[in-house]
Novice: 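One structure, as structure tokens, below. Some questions next.
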Amino acid sequence: MGEVSDRDDYEYSTSEDDAEYSWIGWFCSRKGHEFLCEVDREFVEDNFNLYGLRALVPHYNEALDMILDIERMEETPTDDRQAKIESSAEYLYGLIHARYVLTSAGLNAVLEKYYNAEYGRCPRVFCKDQPVLPAAISDVPHEEAVKVFCPSCEDMYTAKSRLDGAFFTTSLPHLLLLQYPDIKPPRQTERYVPRIYGYRIHKPKK
């Protein structure tokens, strides 16, 4: 038997496991996509929310149909074209996700993941397993992978996810903390002090 692709897995699950299972649900549940929130279908269907994306995404119409689980009576695309449409759908969803997470509904979805520590915890010892938030150091697609921001030490770290940072934006963690100030922990300023046999190491005089 040939190798089964991710898309084949999706088609199988929709037909035999759960007829209501959507492309969005399938895509966000894939390994490595744990940082992604499920964007409300109504948000994706509103053309206002998608303004300007058509010029950025190849095969835009087919990609959007795939995200919305819309099947049109057309000729079956070649394997090469199908692969390009699937790639465009993933890219388009990421761009839509970047806009969605800055809305009230999107911030709530991110907040729930934050409470469950789904983005991970700060690796800094003195932050004591503080949950982190997804962040980016660039809003330009394909420049940097997503990072995580610790609201305790207010520093950035490498994330376990390799998703594009532009799918989360540079604004997300800070907007969330402004929207929900009660979740912000006290600023962590404690620093590690190097010691030898219990004595602090003094910096050499210049």
Side-chain angles (χ1 to χ4, degrees), residues 20-46 48-53 56 67-68 90-193:
E20 297 300 317
Y21 201 48
S22 67
W23 184 93
I24 293 176
W26 164 80
F27 185 64
C28 292
S29 68
R30 290 179 63 185
K31 185 177 180 180
H33 291 188
E34 295 84 0
F35 278 24
L36 291 173
C37 299
E38 291 193 27
V39 178
D40 293 337
R41 183 184 178 91
E42 292 76 13
F43 185 89
V44 182
E45 291 176 328
D46 189 337
F48 177 79
N49 297 324
L50 310 185
Y51 181 79
L53 297 184
L56 303 177
I67 292 172
L68 293 174
E90 296 178 7
Y91 179 49
L92 176 59
Y93 184 81
L95 298 179
I96 295 172
H97 182 273
R99 298 182 177 187
Y100 176 73
V101 293
L102 300 183
T103 67
S104 179
L107 288 173
N108 283 329
V110 172
L111 183 62
E112 182 176 353
K113 284 180 172 287
Y114 169 75
Y115 281 146
N116 294 327
E118 293 184 38
Y119 301 117
R121 297 180 183 274
C122 183
R124 189 171 180 270
V125 172
F126 295 115
C127 287
K128 301 175 181 178
D129 289 332
Q130 168 65 42
V132 293
L133 290 162
I137 57 178
S138 174
D139 288 317
V140 179
H142 309 308
E143 279 200 354
E144 289 282 350
V146 63
K147 312 299 180 187
V148 290
F149 172 80
C150 174
S152 181
C153 64
E154 298 184 354
D155 211 344
M156 300 269 279
Y157 300 91
T158 300
K160 61 182 179 181
S161 174
R162 301 307 300 166
L163 290 166
D164 197 317
F167 295 171
F168 299 88
T169 81
T170 57
S171 302
L172 175 56
H174 316 298
L175 182 62
L176 183 76
L177 293 171
L178 283 175
Q179 185 73 17
Y180 303 101
D182 292 343
I183 72 170
K184 183 172 175 57
R187 174 94 159 94
Q188 179 54 255
T189 58
E190 185 178 2
R191 297 181 60 85
Y192 171 71
V193 178

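Positions are given from 1, in the same order as the sequence printed here.
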Novice: Should Leu111 and Tyr180 count as side-chain neighbours, where that means a heavy-atom distance under 4.5 Å?
Specialist: yes
Novice: Which pair of heavy atoms, one from Ala159 and one from Arg162, lies closest together, and at what distance?
Specialist: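 Smallest interatomic distance, heavy atoms only, reads O-NH1, 4.5 Å.
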Novice: Check whether His97 reaches the backbone of Cys37 with its side chain - one donor and one acceptor, N or O, closer than 3.5 Å.
Specialist: yes
Novice: Distance check, rounded to the nearest 0.5 Å: Phe126 atom CZ versus Arg191 atom CZ?
Specialist: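 These two atoms lie 9.5 Å from each other.
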Novice: Got a donor-acceptor contact below 3.5 angstrom from the Glu38 side chain to the Cys28 backbone?
Specialist: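 No, the answer is negative, given that no donor and acceptor are paired below the 3.5 Å cut-off.
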Novice: For the backbone of Val39 and the side chain of Tyr93, can you confirm whether one donor and one acceptor N or O come within less than 3.5 Å of each other?
Specialist: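 Pair found, side chain donor or acceptor close to backbone of Val39.
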Novice: Would you check if Leu163 and Phe168 make a side-chain contact, meaning some heavy-atom pair closer than 4.5 Å?
Specialist: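 Touching, per the 4.5 Å side-chain cut-off.
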Novice: Report the distance from atom OG of Ser29 to atom CG of Leu36, rounding to the nearest 0.5 Å.
Specialist: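 Interatomic distance, Ser29 OG to Leu36 CG, rounded to 0.5 Å: 10.5 Å.
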Novice: Looking at Asp40 and Ala105, what are the two nearest heavy atoms and their distance?
Specialist: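 Nearest pair, atom of Asp40 first, then Ala105: OD2-CB, 4.1 Å.
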Novice: I'd like to know if Lys184 pairs up with Glu154 as an ion pair, taking the criterion as any Lys NZ or Arg NE/NH1/NH2 lying under 4.0 Å from an Asp or Glu carboxylate oxygen.
Specialist: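 Salt bridge present between Lys184 and Glu154.
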Novice: Tell me, do Phe149 and His174 make a side-chain contact under 4.5 Å, heavy atoms counted?
Specialist: yes
Novice: If you measure from CD1 on Ile96 to CG on Leu50, what distance do you get to the nearest 0.5 Å?
Specialist: 5.0 Å
Novice: Would Ile137 and Met156 count as a side chain to side chain contact (heavy atoms under 4.5 Å, CB included) if you check the C-alpha gap in whole Å, the side-chain angles of each, and the deciding distance to 0.1 Å?
Specialist: CA-CA 9 Å; Ile137 57 178; Met156 300 269 279; 3.3 Å; yes
Novice: Is the closest side-chain heavy-atom distance between Leu92 and Ile67 below 4.5 Å?
Specialist: yes
Novice: Should Ser138 and Glu143 be marked as a side chain to side chain donor-acceptor pair (under 3.5 Å) after you check the CA-CA gap, both sets of side-chain angles, and the distance that decides it?
Specialist: CA-CA 7 Å; Ser138 174; Glu143 279 200 354; 2.7 Å; yes
Novice: Between Asn108 and Ser104, is there a donor-acceptor pair closer than 3.5 Å when you use the side chain of the first and the backbone of the second?
Specialist: yes
Novice: Could you go step by step and tell me if Leu133 and Lys113 meet the side chain to side chain contact (heavy atoms under 4.5 Å, CB included) rule?
Specialist: CA-CA 9 Å; Leu133 290 162; Lys113 284 180 172 287; over 6 Å; no
Novice: Can any side-chain N or O of Asp46 pair as donor or acceptor with the backbone N or O of Phe48 at less than 3.5 Å?
Specialist: yes
Novice: Does a salt bridge link Glu190 with Arg124, judged by any charged N lying under 4.0 Å from a carboxylate O?
Specialist: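 Salt bridge: no.
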Novice: Taking all non-hydrogen atoms of both residues into account, name the closest pair between Pro134 and Val146 and its distance.
Specialist: CB-CG2, 4.2 Å
Novice: Can you check side chain to side chain donor-acceptor pair (under 3.5 Å) on Asp139 and Thr170, steps first, answer last?
Specialist: CA-CA 6 Å; Asp139 288 317; Thr170 57; 2.9 Å; yes
Novice: Checking Thr169 side chain against Ala166 main chain: does a donor-acceptor pair fall under 3.5 Å?
Specialist: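 No; judged by distance alone, with no hydrogens or angles, the pair does not exist.
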Novice: Below 4.5 Å, heavy atoms only, C-beta onward: do Leu95 and Leu56 meet side chain to side chain?
Specialist: yes
Novice: Counting C-beta onward and ignoring hydrogens, is there a side-chain heavy-atom pair between Glu118 and Phe35 closer than 4.5 Å?
Specialist: no
Novice: Drop me the distance from Ser152's OG to Arg121's CZ, to the nearest 0.5 angstrom.
Specialist: 12.5 Å
Novice: Can a donor-acceptor pair be found, under 3.5 Å and without considering hydrogens, that links the side chain of Arg41 to the backbone of Leu68?
Specialist: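 Indeed, once roles are kept as given, a pair shorter than 3.5 Å links the two residues.
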Novice: Rounded to the nearest 0.5 Å, what separates atom CD1 in Ile183 from atom OH in Tyr114?
Specialist: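 The OH atom of Tyr114 is 5.0 Å from CD1 of Ile183, to the nearest 0.5 Å.
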Novice: Is it the case that the side chain of Glu34 and the backbone of Gly32 share a donor-acceptor pair, with hydrogens and angles ignored and the cut-off at 3.5 Å?
Specialist: yes
Novice: Can you find a pair of side-chain heavy atoms, one from Asp164 and one from Glu144, that are under 4.5 Å apart?
Specialist: no
Novice: Please confirm whether the backbone N or O of Cys153 pairs with a side-chain atom of Arg187, one donor and one acceptor, at under 3.5 Å?
Specialist: yes
Novice: Taking the side chain as C-beta and beyond, is there a heavy-atom pair between Tyr157 and Cys150 under 4.5 Å?
Specialist: yes
